[in-house]
Amino acid sequence: MAEAADFQGTSPSPARRWLRRAGALLAGAPLLAGLLQLPAATSAHASGQDAARAASGSRTVAVSLDSLSPSAPSDGDTLTVSGTVTNKGKQPVTDAHVGLRVGEHLDTRSAIDEVAERTGFDPAADGGEIDGKYVQKFDQLSPGVAQHFSISVPVGKLHLDADGVYEFSVSLSGRTSSQPWEQVLGIQHTFLPWQPGEADTKTKTTFLWPLVSKVHMTAETGPGAQQTPVFLNDDLAKEISPGGRLERMLTLGKDLDVTWVIDPDLLASVDAMTRNYRIQSDADSTPVAGTHQAVAKQWLAELQQAVAGKEVVALPFADPDLASLAHHGTSVTGSLSQLKDATDVAAGTVETVLHVTPDTDFAWPVDGAVDPSIIRVATSAGADKVIARSDSLQESDGLTYTPSAARPIGAGTTAVVADARLSTAFEGDLSHAGDGTLAVQRFLAQSLALNDQTSKQRSIVVAPQRMPSASQARAMAQALTALQQSTWSESQDLSAAAKAKPDPGATTRVPSASDYPSSLRKQELRRPAFEAIARTQDKVDNFKVVLTYPSRVVTPFGRAMNREMSTSWRGRDDAAENFRDGVEAYLDDLSDEVKLIDKSETKLSGHSATIPVTVQNNLVQGVDHLVLRLTSTNPTRLKIGGGAYDEQPITVSGGHSQSVKFTTSANANGPVTVIAQLYTQDGQEYGAPVTFDVKVTEITATVMLVIGGGVLLLVLAGFRMYTQRKRAAARQDAEPAQETQDAQDAHGAEDGAEDPGESGPAASSGPEHGTSHHPQRPENPEATAERLPKESGTRTRADASEQPSDRAPDTAAGNADPSGTGEKVDR
């Protein structure tokens with residue numbers, strides 16, 4: 001058996017392949033002879049067919065090749081292969097062993113693809129087991145139980161002769177109770193790149209190492225001077241923490257010779273995490289404080305060291321989806337301006353955070369798929385190099401080798417075409433060690449086969465998926481490490497690959513729009529997404545002109561709109577829409593912080609009056625460049641500022657309100673609807689209007705005549721009172737003479753008979769009664785009324801307890817006697 005195995009592992013020349021097939025036939029001759037001697041019964045014939053099928057590999061046992069070291073062996077090396085075998089059947093496997101097989105020499109890249117897709121056992125292609133002592137035996141494999149194996153073999157025992165790629169397999173052979181003969185029950189195919197000496201011509205290989213993530217930051221910021229950012233979630237902290245995806249990308253990539261391709265939004269987000277930041281817990285609650293500042297600082301510090309002296313390519317900020325923009329956004333005004341803005345801020349962001357000057361001349365559509373519209377959009381913002389892929393710019397059948405990456409496609413634009421096989425080698429789930437090992441070996445095999453196609457030296461670019469997982473990054477790093485240590489490849493920067501001399505036979509025809517993959521087109525952002533972005537931009541433009549410090553709004557919302565176009569939204573339509581709605585809603589909330597205070601119905605009495613309107617500013621910063629317009633819907637009845645409307649400029653400090661008064665004039669009674677509206681200085685409406693009713697009670701000419709008559713009567717009455725007072729004063733001057741006469745008359749009456757008309761004694765003066773006068777009855781009653789206050793005033797001066805304005809008593813105080821003759825009593 002050992003001799004047969006050695007024979008089948010010899011040189012894969014055409015003669016050797018013929019001998020291998022002949023040996024297989026000779027080995028099967030005894031079995032055929034035995035079968036011919038069996039009874040010709042139908043059941044026996046069917047059993048023989050089943051046995052033959054089983055001998056070709058039943059896949060009863062799963063073989064996982066977890067490690068193959070070295071990945072690209074050389075002379076004198078010892079190859080170590082380890083992994084697991086697992087019995088997937090229902091019966092135990094007995095007399096089992098794991099063996100190694102060296103198959104055919106693979107001359108073409110397509111032959112490598114065919115072997116990678118094959119799962120069964122082919123004795124002619126897979127070859128026999130090498131020396132029988134390089135096996136691992138198992139007495140029994142129980143169903144569902146995995147068994148570990150590890151086999152080390154000197155490379156010299158593999159009989160690798162000609163340089164190139166060999167098929168290499170690990171197989172499990174054994175017996176089952178139903179099929180008690182030795183057969184291959186499971187096999188795993190992989191590849192051995194064999195180039196022990198330096199290749200005559202080495203391929204220049206450029207490997208892109210992408211640092212790209214999803215959108216993490218919102219447009220919301222805190223009110224302080226630092227503008228504390230708010231994150232959608234805490235996922236970015238997980239990615240940059242030890243063991244996270246981005247931490248693995250950084251740790252693995254820093255020791256590799258790669259071109260770093262970085263999204264500036266990722267740098268801006270991590271940089272924001274080094275200071276105070278907050279995280280949205282849900283839509284209705286207050287964001288909570290983030291706590292991963294130390295992790296962010298460490299990641300950025302390590303990245304700064306990793307990229308020092310390396311080539312860094314900066315994508316436009318937030319990695320805009322160029323294909324979506326080309327297919328659905330160019331018809332929306334302002335969409336290309338968003339791309340230009342994202343490109344302009346990219347270099348500054350990278351320089352600020354990483355302290356290196358990046359290259360911003362490259363555009364990278366999704367999966368390198370291009371069409372004429374994508375090329376136009378990609379170069380519209382200033383890039384003159386587009387990273388495409390060879391499954392998009394496909395070569396003609398006449399070209400028998402893979403050409404260099406760079407090729408001119410017109411208008412001064414260079415397409416840098418990445419190799420599709422190498423670029424897609426690390427896609428899929430590589431979390432299992434066996435899958436990662438297979439990806440590494442296949443990548444190396446394709447690279448060596450590419451180098452062996454021609455003696456021309458070529459520049460090849462590898463552009464893997466934008467966001468490799470941690471396991472994919474591990475496989476990429478393992479493959480790249482082996483490639484950079486290999487004898488057939490040398491590293492090269494992306495800029496050098498773009499400047500390499502184009503291959504004259506390479507295609508320069510950009511595929512048409514109809515050739516764009518439908519699977520990618522289904523994931524694109526649609527026109528409504530770009531319309532929402534344009535609507536938000538209009539609102540930002542309207543808002544910023546009224547702000548004292550517009551950069552506090554323009555910058556965060558500008559970056560948020562860049563994020564709305566991000567490639568990371570592909571396949572996540574609902575999440576993308578929620579993000580766009582959140583940005584616009586937050587902008588609306590900020591704009592509404594500058595508003596007019598609602599007014600209730602206002603009443604105006606008189607021909608002219610003022611109407612106050614209040615503007616409130618709840619922002620931290622002040623607002624100016626605003627105009628407040630008050631408009632009358634019925635200027636015939638109510639004019640404002642002498643016309644249908646009036647305007648006044650507005651300036652309000654942060655956190656304050658301002659009331660503005662408008663002069664009005666009424667011409668007729670009745671209600672009038674008045675509209676208050678804020679405008680920017682360029683005439684754009686700002687905020688919602690405030691509408692209120694003004695009830696006009698304007699004073700008519702008739703009412704004015706009545707009021708004038710009343711005023712005239714008051715004047716006349718005052719004049720009459722004045723003349724009456726003057727007459728009363730003249731009488732008072734004449735009172736002493738009259739009192740003397742009265743005294744004489746009274747004295748004469750004492751000597752005479754008593755007057756029969758008196759009902760009691762005459763009034764007299766006494767200490768408890770004050771003084772009582774008996775003047776003659778005046779001819780004018782009003783004269784008596786004007787004088788009474790004077791009499792009472794005289795008494796008030798005698799009695800300080802009464803006020804000067806109090807009326808005097810009608811009769812003398814304390815006098816209960818009947819009134820004397822000539823005394824007047826008011827009732």
Side-chain angles (χ1 to χ4, degrees), residues 65-83 112 152 155 165 168 190-199 202-211 243 245-261 302-303 305-312 418-419 421-428 430-451 459-465 468-494 496-497:
L65 179 58
D66 297 340
S67 174
L68 191 154
S69 179
S71 298
S74 186
D75 287 331
D77 288 340
T78 297
L79 183 68
T80 300
V81 181
S82 62
I112 296 174
S152 295
V155 173
V165 178
F168 183 77
T190 187
F191 309 95
L192 270 184
W194 176 247
Q195 182 68 46
E198 293 290 329
K202 292 185 178 182
T203 301
K204 294 182 177 180
T205 305
T206 300
F207 202 106
L208 307 187
W209 200 256
L211 287 184
R245 186 184 72 85
L246 290 173
E247 188 274 338
R248 290 285 81 203
M249 288 290 295
L250 173 55
T251 301
L252 295 169
K254 65 183 180 181
D255 296 325
L256 300 173
D257 193 359
V258 296
T259 294
W260 296 83
V261 180
E302 292 180 358
L303 180 59
Q305 295 177 356
V307 301
K310 302 290 184 65
E311 183 179 43
V312 175
D419 185 77
R421 287 187 173 97
L422 298 177
S423 299
T424 59
F426 305 103
E427 295 181 352
L430 302 185
S431 57
H432 190 275
D435 295 327
T437 299
L438 296 179
V440 170
Q441 295 306 123
R442 185 175 182 179
F443 175 87
L444 295 174
Q446 287 287 353
S447 176
L448 179 55
L450 184 151
N451 187 74
S459 296
I460 301 299
V461 173
V462 182
Q465 59 272 32
S469 65
S471 58
Q472 291 170 342
R474 182 176 59 249
M476 288 163 52
Q478 183 179 347
L480 194 52
T481 299
L483 184 65
Q484 292 176 354
Q485 296 173 352
S486 71
T487 58
W488 67 86
S489 176
E490 61 184 36
S491 300
Q492 182 177 237
D493 290 340
L494 180 61

Give the minimum heavy-atom separation between [X] and [Y], together with the two atoms involved.
X: G428; Y: Q472; result: O-NE2, 2.7 Å
X: G253; Y: V258; result: O-CG2, 4.2 Å
X: V461; Y: A497; result: CG2-CB, 3.9 Å
X: T78; Y: S152; result: CG2-CB, 4.0 Å
X: P210; Y: P468; result: CG-CD, 4.1 Å
X: A445; Y: I112; result: O-CD1, 3.6 Å

Using modelled atom types only, decide if a donor and an acceptor are shared between the side chain of [X] and the backbone of [Y] within a distance under 3.5 Å.
X: W209; Y: L252; value: no
X: T259; Y: L494; value: yes
X: T190; Y: L438; value: no
X: N451; Y: T203; value: yes
X: Q195; Y: L448; value: no
X: S447; Y: F443; value: no
X: D419; Y: L422; value: yes
X: K204; Y: A496; value: no

Pairing residues for [X] by the side chain to side chain contact (heavy atoms under 4.5 Å, CB included) criterion, not counting sequence neighbours:
X: E302; result: L250, Q298
X: A475; result: F426, L430, V440
X: A463; result: L208, W364, I387, A418, S423
X: P70; result: P73, D77, L79

Do [X] and [Y] have side-chain atoms, one donor and one acceptor, less than 3.5 Å apart?
X: Q441; Y: S71; answer: yes
X: S489; Y: T205; answer: yes
X: S469; Y: S471; answer: yes

My understanding is that only residues two or more places apart in sequence, or in another chain, count here; which of them pass side-chain hydrogen bond (donor to acceptor under 3.5 Å, both in side chains) with [X]?
X: S431; answer: D429
X: T437; answer: none
X: S486; answer: none
X: T487; answer: none

Given side chains that start at C-beta, do those of [X] and [Y] come closer than 4.5 Å, heavy atoms only?
X: L444; Y: F191; result: no
X: L303; Y: L211; result: yes
X: F207; Y: P464; result: yes
X: L65; Y: V81; result: yes
X: F168; Y: L68; result: yes
X: L256; Y: Q484; result: yes

Suppose we screen for salt bridge (charged side-chain N to carboxylate O under 4.0 Å, His left out). Which residues come up paired with [X], at least two apart in sequence or across chains?
X: K202; value: E198
X: R421; value: D113
X: R248; value: none

Working to the nearest 0.5 angstrom, can you tell me the gap between [X] [atom1] and [Y] [atom2]?
X: R442; Y: Q446; atom1: CZ; atom2: CD; result: 6.5 Å
X: W260; Y: K254; atom1: CH2; atom2: NZ; result: 9.0 Å
X: Q485; Y: S74; atom1: CD; atom2: OG; result: 12.0 Å
X: D257; Y: Q492; atom1: CG; atom2: CD; result: 10.5 Å

Mind running side-chain contact (heavy atoms from CB on, under 4.5 Å) on M476 and V462 for me, showing each step along the way? CA-CA 11 Å; M476 288 163 52; V462 182; over 6 Å; no
